[in-house]
Amino acid sequence: MSGLASELSAIARQAFAAEGLSESFGQVQASDRPDLAQFQCNGALAAAKSAKANPRAIAQKVADRLKANPIFAKVEIAGPGFINLDVADAALTERAAASGFDPKPNGKSVVIDFGGANVAKPMHVGHLRSSVIGDCLQRLFRANGWHVVSDVHLGDWGLQMGQLISEIGHRGIAPLYFDADFKGPYPEQSPVTMEDLEEIYPAASAACKADPARLEEARKATADLQAGRPGYRALWEHFFAVSKFGLEREWGSLGVHFDLWKGEASVEPLIAPMIADLKARGVTEVSEGALVVPVAQEGDKKEMPPLILIKSDGAVLYGTTDLATIVDRVKEQDPDLILYVVDQRQHLHFEQVFRVARKARINGKAELEHAGFGTMNGTDGKPFKTRAGGVMKLHDLIATMTAEAAKRMDEQGIAKDTGAEERAGIARKVGLGALKFADLSNFRLTDYIFDLERFTRFEGKTGPYLQYAAVRIQSILRRAGDEGHASAPPVVRSAEERALVLQLLALPEAMAAAENNRAPNVLCEYAFELAQKFSRFYSEHHILSESDEAVRASRIGLCETTLAALTKVLDILGIEVPERM
RNA sequence: GCACCCGUAGCUCAGCUGGAUAGAGUGUCGCCCUCCGAAGGCGAAGGUCGCAGGUUCGAAUCCUGCCGGGUGCGCCA
């Protein structure tokens, strides 16, 4: 699937090449001045700079070649050497009918690492962005033809495990697992529930903070766990199983799915051989009792601390498991890219890990990339908190969004003809759509302010507005079916239809741009513009009430095409459209 | 101290591989429902793009230095 601008670029590239200039100057994009033209090519200006020639003269030569192609209705030179282009309606009509969304495999594979959850900890608002952005990226890369493997990469092997174990030891909840003489087998039933863990972990964490002796115990337990102590390992298995069950439910309610449920612990067997390999390659050093890999490079603008592979107490850190995970992924998937959708605050960490991986050449052919993101803040501009000042759990946030959506629907008289059950389902989709759209429509790296009232509006640039727009089109098409109206491929006959078709034909570029920048906000913007252009078309034209049968059929076809594109983009954003509302 | 991210309309934000008159939503003010869902459409007002230099025919965009906010900086994740 390739968009209209790409097609025009290919034509312009040939024209530049025929003039003995670099093809790269032929890039055509949607015009910045829609009042002057549909598309523009600025290449003549850049070409003139490198060739030390007159830009207008180059533009003229290229334009003369472009004029020979019947796809263009207009080729004009403006200002210092812009080439302004309009596409013939016949060409738009032809392409509008042929547009489709089947991804063509591009032969490349990517592992996307997102979710950011930890064993034994409930998901809170901090996990929202990683989940929502990561899920959008996995959907986008798939839609663009990549082979995608998504992995939660659970935090399940660090100090927090030792903290849990030692806290449980203190409480005497499950003494069997601490009995060094016990030979097993251990019970299948977990001695703790997810609810227990949610209470135990904060207590353990606080105890370690308050008392250095407790922290030391937790460190020891962590090292023992990692060294394979059977009772601890058995306890860990329970933590993992219980947590996974809870996490799957939470992500399920968000509509987020992972291909792999691996974690730090799952690469544990790879750590020892990897460290041996790193030593053999001579990249390691012993520093202050720890095994480290220096990663500072010539020309670094900032201080770059070494990556610690093994702490002085023998335990490993998450940098070590991250490296072993790269080894695992190269072995299992051999991807072209590994993308980490993790809080921007961890950027330095990833820079360190990536440097070690490249230095030791353990990343195969994979590019390693950290796609960081900013935080969701409260109206005070600080990271989002509950009224009580605590961290809000994710399912409470979703419940809040759903309740607000239901309230809005009542106020606006939306979905008033539906039964209670359907209404609840709609409110849930709308609440989630509001939340996801608000999160995704900001540029990834910037922080944004959570504003319940604004996010759930049915007007403006919001998820609910887009869902509503899609539902309206569905409603028109349902009526068309009821009234026995036929549909036909859309034909461009008016300015509004032309603008709408141009927008439809720009979808591949939007998807490509979103992929290149790992920027879901590009898709949000696209979806909103599409909905707006449809509204303009809708307000200016009769559809079902159009008396000319051919025109009516073509407009119904345009509704179908628009709905398909809108639904497609919303699907990539992870936003569901209700049947009706 | 050093580094990274950010600073654009009253508010919330796009735009940042340099290009024409800097955009959107919201808010404010007009106009448009005897016609398919007005949650909409059309229009107006609103900006020294943090500040100062530099590169360039051309800078919100690239470079340098300041100012302001956020974040990070070897044995947490």
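All chains are named by letter (A, B, ...) in the order of the sequence lines, taking the proteins before the strands, and each is independently numbered beginning at 1.
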Polar pair under 3.5 Å, donor/acceptor by atom type, side chain A:N84, base B:A20: yes
Nearest-nucleotide check on RNA chain B, A:A290 vs A:F528; residue mapping nearer the 5' end is A:F528
CD (A:Q532) and CZ (A:R536) are apart, to the nearest 0.5 Å, by 5.5 Å
Under 3.5 Å donor-acceptor pair, A:Q40 side-chain atoms to B:A20 base atoms: yes
Measuring from the side chain of A:D447 (C-beta onward, heavy atoms only), which nucleotide among B:G70, B:G72, B:A77 has the closest atom? B:G70
Side chain of A:I449 only, please: which of B:G41, B:G37, B:C13 is the nearest? B:C13
What nucleotide, of B:G15, B:G74, B:G41, holds the atom closest to the side chain of A:F443? B:G15
What integer number of Å spans the C1' atoms of B:A14 and B:A24? 7 Å
Return the value, rounded to whole Å, for the distance between atom CG of A:D322 and atom C1' of B:A77. 10 Å
Of the options B:G27, B:G25, B:G72, whose atoms approach the side-chain atoms of A:R345 most closely? B:G72
Is the distance from OP1 or OP2 of B:G25 to the nearest side-chain N or O of A:R454 less than 4.0 Å? no
Rounded to whole angstrom, note down the P distance from B:G53 over to B:A45. 31 Å
Could you go through the side-chain contact (heavy atoms from CB on, under 4.5 Å) check for A:L154 and A:L247 one step at a time? CA-CA 10 Å; A:L154 285 179; A:L247 291 171; 3.6 Å; yes
On the side chain of A:S535, is there an atom forming a donor-acceptor pair with the base of B:G41 - under 3.5 Å, no angle test? no
Residue A:P306, side-chain heavy atoms: nucleotide from B:G74, B:A77, B:G37 that is nearest: B:G74
Does the distance from a Lys or Arg side-chain N to an Asp or Glu carboxylate O, for A:D451 and A:R454, drop under 4.0 Å? yes
Report the relative orientation of the aromatic rings in A:H127 and A:H124; use parallel for angles under 30°, tilted for 30 to 60°, perpendicular for over 60°. tilted
Based on the glycosidic angle (syn within 90° of 0, else anti), state the conformation of B:C33. syn
A:D410 and A:R423 ion-paired at < 4.0 Å: yes
I want to know whether A:F455 and A:F450 have ring centres closer than 6.0 Å. yes
Hey, does the side chain of A:R444 come within less than 4.0 Å of B:C5's phosphate (OP1/OP2), counting only N and O? no
Would you mind telling me which residue lines up with the more 5' stretch of RNA chain B, A:L45 or A:R478, judged by nearest nucleotide? A:L45
Between the side-chain atoms of A:K49 and the base atoms of B:G58, is any donor-acceptor pair under 3.5 Å? yes
What integer distance in Å separates A:I543:CD1 from B:G40:P? 17 Å
So does A:H542 reach the base of B:C35 with its side chain, donor to acceptor, closer than 3.5 Å? yes
Do A:Y468 and B:G37 have a side chain to base donor-acceptor pair shorter than 3.5 Å? yes
Would you please confirm or rule out a distance under 4.0 Å between OP1 or OP2 of B:A14 and any side-chain N or O of A:T446? yes
The side chain of A:N442 lies closest to which of these nucleotides: B:C73, B:A14, B:G41? B:A14
